[in-house]
*Asks:* 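Before I ask anything, let me first share the structure, which is written out below as structure tokens.
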Amino acid sequence: VVEGLPHKQNRIPEDQAMSHPFLIPLAALGIALAAHEGVASTVYGIDFPGGASSFADEVVWFAPGFGYGGSEAPCTDATMALGVAYATPGVCTGYVSIGEGGSLVVAFTDNYLTTSGDASPDLQIFAGGDHDEHFVVEIGRVGHPAERIKLTVDGSDILLGGSIGIDIDAVAGVIPGALYSYVHIWDVPRYCDPATGRMLWSVGEACGTNPYNPFTLPTDGPWAGADIYGVGAITSVIAATPLPAGLMLMGTALGALAALRRRRRA
Ligand SMILES: [Ca+2]
Ligand SMILES: [Ca+2]
Ligand SMILES: [Ca+2]
């Protein structure tokens with residue numbers, strides 16, 4: 001018998017089988033409690049005091065851009081941007097390639113991004129490649145997904161690509177102490193400058209085969225555009241609502257179960 005796997009003796013007896021679904025909220029609550037403990041963790045050398053919950057939880061919107069090429073399927077699984085940042089070298093191994101001009105919105109749901117009150121970075125975008133895949137980042141407050149604030153680093157709202165930590169306290173329009181849930185990443189599409197034969201918004205690579213066609217990009221394989229493998233709130237606060245809701249649900253479920261048992265005995 002393998003420990004932890006169900007075998008004959010610990011199978012749930014028929015008469016208790018109905019209570020089995022109620023065990024699921026209980027297990028979910030256990031996970032929620034573990035996540036809310038907020039054990040600090042260091043991910044790619046960056047400290048996240050809130051631990052695993054600091055990372056993005058949901059994909060809200062994903063519109064892949066253009067520029068994918070080659071025979072392999074593009075790396076367009078947007079869920080790769082969620083959870084603790086992790087990627088390994090290879091095709092689509094832990095990252096989403098949003099494509100030239102692609103647009104990805106993720107949300108924090110069990111935690112929120114907020115200001116730190118100082119110049120230390122608050123939001124970390126984990127992006128592969130180096131400075132040839134520029135992107136723009138906007139954030140939106142909880143409950144206000146349409147009101148986006150464009151982040152800036154050293155006065156520029158076009159970020160040079162690669163992983164970057166952003167101090168949101170320094171950004172105009174960011175409200176101290178406000179809770180931010182949404183992070184929008186937009187890839188700045190490269191295009192060809194016919195005057196130089198080089199790509200703009202890139203490290204200066206040569207244009208594609210026809211330098212006079214701005215859409216003739218160098219082939220970029222399945223990993224066109226910024227390659228996102230994590231979005232983490234360094235300055236993170238725990239979202240308060242899910243836990244009480246879960247407790248109430250469990251209370252109701254246990255109450256129903258007790259009532260059922262009383263009825264059966266009667
Ligand atoms: Ca989270
Ligand atoms: Ca800060
Ligand atoms: Ca890429």
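Positions are given from 1, in the same order as the sequence printed here. Both counts, for ligands and for their atoms, begin at 1 and track the order of listing. The basis for the numbers below is simple: all heavy atoms, side chains too, and nothing from hydrogens, waters or symmetry mates.
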*Asks:* Answer with yes or no after comparing the ring centroid distance for Phe55 and Phe48 against a 6.0 Å cut-off, counting only values under it.
*Replies:*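 Yes, the ring of Phe55 comes within the 6.0 Å limit of the ring of Phe48, centre to centre.
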
*Asks:* How is the N/O/S atom of Asp110 that comes nearest to the Ca ion (ligand 1) named?
*Replies:*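 For Asp110, the N/O/S atom sitting closest to the Ca ion (ligand 1) is OD1.
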
*Asks:* Below 3.0 Å, any N, O or S contact between Ala224 and the Ca ion (ligand 3)?
*Replies:* no

*Asks:* May I have the angle between Ser116 OG and Ser120 O with its vertex at the Ca ion (ligand 2), rounded to 10°?
*Replies:*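 Taking the Ca ion (ligand 2) as the apex, the two atoms subtend 100°.
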
*Asks:* To the nearest 10 degrees, calculate the angle at the Ca ion (ligand 3) involving O of Gly225 and OD1 of Asp227.
*Replies:* 80°

*Asks:* Where the Ca ion (ligand 2) is the corner point, what angle links OD1 of Asp169 with OD2 of Asp122, to 10°?
*Replies:*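 Computed angle, vertex at the Ca ion (ligand 2), rounded to 10 degrees: 80°.
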
*Asks:* Please name the atom of Asp167, limited to N, O or S, that comes nearest to the Ca ion (ligand 2).
*Replies:* OD1

*Asks:* Mark yes or no for whether Ser181, through its side chain, and Phe108, through its backbone, hold a donor-acceptor pair below 3.5 Å.
*Replies:*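 Yes, Ser181 side chain to Phe108 backbone: donor-acceptor pair under 3.5 Å.
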
*Asks:* If you group Ile, Leu, Val, Met, Phe, Trp and Tyr by side-chain heavy-atom gaps below 4.5 Å, do Tyr180 and Leu151 land in one group?
*Replies:*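 Looking at the clustering, Leu151 is in the same group as Tyr180.
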
*Asks:* Return the name of the atom in Asp118, of element N, O or S, nearest to the Ca ion (ligand 2).
*Replies:*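 Atom name of the closest N, O or S in Asp118: O.
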
*Asks:* Treating Thr115 as the side-chain partner and Asp169 as the backbone partner, does any N or O pair qualify as donor plus acceptor under 3.5 Å?
*Replies:*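 No; judged by distance alone, with no hydrogens or angles, the pair does not exist.
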
*Asks:* Check for me, please, whether Leu159 and Val106 land in the same ILVMFWY cluster - side-chain distances under 4.5 Å, paths through other members count.
*Replies:* yes

*Asks:* Is Thr115 close enough to the Ca ion (ligand 2) to have an N, O or S atom under 3.0 Å?
*Replies:* no

*Asks:* Can you give the angle Asp57 OD1 - the Ca ion (ligand 1) - Asn111 OD1, rounded to 10°?
*Replies:*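 Answer comes to 130°, rounded to 10°.
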
*Asks:* Go through it in stages, so that I can follow the logic: the residues are Cys75 and Val91, the test is side-chain contact (heavy atoms from CB on, under 4.5 Å), and I'd like the CA-CA distance, side-chain angles, deciding distance and then a yes or no.
*Replies:* CA-CA 7 Å; Cys75 303; Val91 179; 4.1 Å; yes

*Asks:* Report whether any nitrogen, oxygen or sulfur of Ser53 sits less than 3.0 Å from the Ca ion (ligand 1) (N, O or S, backbone or side chain).
*Replies:*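 Here the distance criterion (N, O or S atom, under 3.0 Å) is met by Ser53, so yes.
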
*Asks:* Looking at the Ca ion (ligand 1), is one of the N, O or S atoms of Thr109 less than 3.0 Å from it?
*Replies:* no

*Asks:* Could you tell me whether the side chain of Phe62 reaches within less than 4.5 Å of the side chain of Ile98, counting heavy atoms only?
*Replies:*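 Ile98 reaches Phe62 side chain to side chain.
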
*Asks:* Taking the side chain as everything from C-beta on, heavy atoms only, tell me whether Ser163 gets closer than 4.5 Å to Tyr229.
*Replies:*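 In short, these two side chains touch, coming nearer than 4.5 Å.
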
*Asks:* Counting backbone and side-chain atoms alike, does Thr235 have an N/O/S atom under 3.0 Å from the Ca ion (ligand 2)?
*Replies:* no

*Asks:* Only N/O/S atoms count here: what is the atom of Glu133 closest to the Ca ion (ligand 3) called?
*Replies:*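 Closest to the Ca ion (ligand 3) among those atoms: OE2.
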
*Asks:* Do Asp187 side-chain atoms and Ala226 backbone N/O form a donor-acceptor pair below 3.5 Å?
*Replies:* yes

*Asks:* side-chain contact (heavy atoms from CB on, under 4.5 Å) for Val174 and Arg141? Distances and angles first, verdict last.
*Replies:* CA-CA 9 Å; Val174 168; Arg141 268 192 302 150; over 6 Å; no

*Asks:* Is the Ca ion (ligand 1) under 3.0 Å from any N, O or S atom of Phe55?
*Replies:* yes

*Asks:* Taking N, O or S atoms only and a limit of 3.0 Å, check whether Ala226 reaches the Ca ion (ligand 3).
*Replies:* no

